Amino acid sequence: METLYDSDRVPETDWIGAWREVAVRGTVTVQMRSLDPDRFAAKLSAVQLGDCRLAAMNYSPLALRRTPRLVRQFDPEHYQVLFIRRGHPGIELADRSALLGPGDLVVHDSACPFESFVGPGQSRAQCLMIQIPKRLLHLPHREITSLLATPLDGTRGTGLLLSGFMTTLTGDCPENAGQAARLGRVLTDLTETFLAHHLDRLAAVPGDSRERVLYLQILSFIDDHLPAEWLDPQAVADAHRISLRTLYRIFQKQDTTPAAHIRHRRLERCRLDLADPRLWQLAIHAVAARWGFLRPAEFTRAFRTAYGLTPSEWREREGDLERHALPTG
């Protein structure tokens, strides 16, 4: 992500002024003041994902205000969804107020004045924020406004998918405009599905968007249950109340199959564990069993096919690299 502001790189005499100037590039125009001027600290980074924008912010006690006049001066006509990672910011918006905490998601509307603050005595607040043009969502505006300034759960279900995807993007940003646009579409799909879930309007979400979100839900389910002996394509289909045929069709669009994906993810976990010095006391067959491979010979064949080395050869090579990396003397 592009760092737009870092108080550690700004002269102390101009901390607030510099923050005010760049904040609009990553969010919207607001008035702001530090509630602890002697210890002001903040950082703002952002990345453009097609029509969407993702920003990462952390800041010391601060008061933000978007007035009706600022709204009239410039309204980008987008929704904002914030994911609170740390701190307890307060918000007043659309005649509602809420105190947020880690794990909460909250919806803003750029057309609505608001006030937000992190009170004195608190440590830095950390949050991620996505901005999505209103025109991209198919849900009625009047219904979305019913969710404004309401703490929504970002730790389970579609909320966890959305917050997890936002978090992943902060460390795995796109390499080109095409990839950025694709990630932006996924972010839009997840946001719309998340909002539709809370509005009980999933039928309003286009079918292709629902299928892309379903695919992400399936991937998350598989990763959460990799050690389970019972994990197979039929179990995945049953868990998501779809037919096996539908499951295979979804994965076919990704040029793979459910069984191949499960095997790949299990092999990846085994590969990482075999390279981990903390787990070298575990026998190879025990590592394999941890991730669902109960037949050692089958695991060895699959591993060698995938990585060109047997599990023991891989562990030995990684051990040599680790020992050579250790300081001597």
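Since the model is a prediction, treat every value here as computed from it, not as a measurement.
- In terms of hydrophobic clustering, with Ile, Leu, Val, Met, Phe, Trp and Tyr side chains grouped at heavy-atom distances under 4.5 Å, F117 and L70 are assigned to different clusters.
- Residues H141 and Y79 have side chains in contact (heavy-atom distance under 4.5 Å, counting atoms from C-beta outward).
- H240 and F221 have perpendicular rings, their planes meeting at more than 60° on a 0 to 90° scale where under 30° would count as parallel.
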T150 and V107: CA distance, side-chain angles, deciding distance, side-chain contact (heavy atoms from CB on, under 4.5 Å) verdict:
CA-CA 7 Å; T150 301; V107 183; over 6 Å; no
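- Note: R53 CZ to D51 CG = 12.5 Å, rounded to the nearest 0.5 Å.
- Hydrophobic cluster membership differs between W291 and W314, with clusters built from Ile, Leu, Val, Met, Phe, Trp and Tyr side chains linked at under 4.5 angstrom.
- Taking CD of Q234 as the reference point, atom CG of D238 lies at 4.5 Å (rounded to 0.5 Å).
- Taking 4.5 Å as the limit, every side-chain heavy atom of R201 sits out of range of all side-chain heavy atoms of L195.
- Put simply, the side chain of R96 gets close to the backbone of L148: a donor and an acceptor are under 3.5 Å apart.
- Using modelled atom types, no side-chain atom of R212 and backbone atom of V186 make a donor-acceptor pair closer than 3.5 Å.
- Put simply, NE2 on H261 and CG on D223 are 6.0 Å apart, with the number rounded to the nearest 0.5 Å.
- In this structure, D95 places its CG atom where only 12 or fewer heavy-atom neighbours from other residues, nucleotides or ligands lie under 6.0 Å away.
- L202 and I242 end up in different hydrophobic clusters when Ile, Leu, Val, Met, Phe, Trp and Tyr side chains are linked at under 4.5 Å.
- In terms of heavy-atom proximity, L105 sits nearest to G154 at CD1-CA, 3.6 Å.
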Stepwise side-chain contact (heavy atoms from CB on, under 4.5 Å) check, R66 with T29:
CA-CA 7 Å; R66 181 161 167 80; T29 308; 4.0 Å; yes
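- For the atom pair CG (D153) and CG (D104), the distance works out to 7.5 Å, reported to the nearest 0.5 Å.
- Using a 4.5 Å heavy-atom cutoff, the side chains of R86 and N58 are not in contact.
- In this structure, E211 pairs ionically with R249, as a charged nitrogen and a carboxylate oxygen lie closer than 4.0 Å.
- Hydrophobic clustering, with ILVMFWY side chains joined whenever heavy atoms are under 4.5 angstrom apart, groups I144 together with L136.
- At distances below 3.5 Å, not a single donor-acceptor pair connects side-chain atoms of R271 with backbone N or O atoms of F303.
- To the nearest 0.5 Å, atom CG of residue L161 and atom CZ of residue F165 are 10.0 Å apart.
- Across A180 and Q48, no two heavy atoms sit closer than the pair CB-O, 3.8 Å.
- Looking only at side-chain heavy atoms (C-beta outward), I284 and S312 come within less than 4.5 Å of each other.
- Side-chain contact between V236 and P258 is absent, with no heavy atoms from C-beta onward closer than 4.5 Å.
- Side chain of E143 to main chain of P140: no donor-acceptor pair is present (N/O by atom type, distance under 3.5 Å, no hydrogens or angles).
- Here CZ of R269 is found 5.5 Å from CG of L226. Values are rounded to the nearest 0.5 Å.
- Here the side chains of Y307 and L267 are in contact, with some heavy-atom distance below 4.5 Å.
- Note on F194: it clusters hydrophobically with L137, by side-chain heavy-atom contacts below 4.5 Å among ILVMFWY residues.
- A donor-acceptor contact shorter than 3.5 Å is absent between the side chain of T193 and the backbone of L190.
- In the displayed structure, D200 atom CG is contacted under 6.0 Å by at most 12 heavy atoms of other residues, nucleotides or ligands.
- The two residues L93 and P113 come nearest to each other via the heavy atoms CD1-O, 3.1 Å.
- In terms of heavy-atom proximity, A111 sits nearest to D75 at CB-OD2, 3.4 Å.
- Of all the heavy atoms in P311 and F299, the pair that sits closest is CG-CE2, 3.4 Å.
- Not a single donor-acceptor pair under 3.5 Å links the side chain of S220 to the backbone N or O of L216.
- Closest of all the heavy-atom pairs between R266 and A228 is NH2-O, 2.7 Å.
- For S60 (side chain) and A41 (main-chain N/O), a donor-acceptor pair under 3.5 Å exists by modelled atom type.
- Ring geometry, H108 versus F114: the interplanar angle falls from 30° to 60°, so the pair is classed tilted.
- Within 6.0 Å of CD in Q254 there are more than 12 heavy atoms belonging to other residues, nucleotides or ligands.
- Residues Y59 and L44 form no side-chain contact, since every pair of their non-hydrogen atoms from C-beta on lies 4.5 Å or further apart.
- Formation of a donor-acceptor pair under 3.5 Å by the S110 side chain with backbone atoms of H78 is found in this model.
- R33 contributes no side-chain N or O that, together with a main-chain N or O of A63, makes up a donor-acceptor pair within less than 3.5 Å.
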Give the intermediate values and the outcome of side-chain contact (heavy atoms from CB on, under 4.5 Å) for residues E316 and L309.
CA-CA 10 Å; E316 182 177 353; L309 298 172; over 6 Å; no
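- A distance-only check finds no donor-acceptor pair linking the side chain of T3 to the backbone of S45 [under 3.5 Å].
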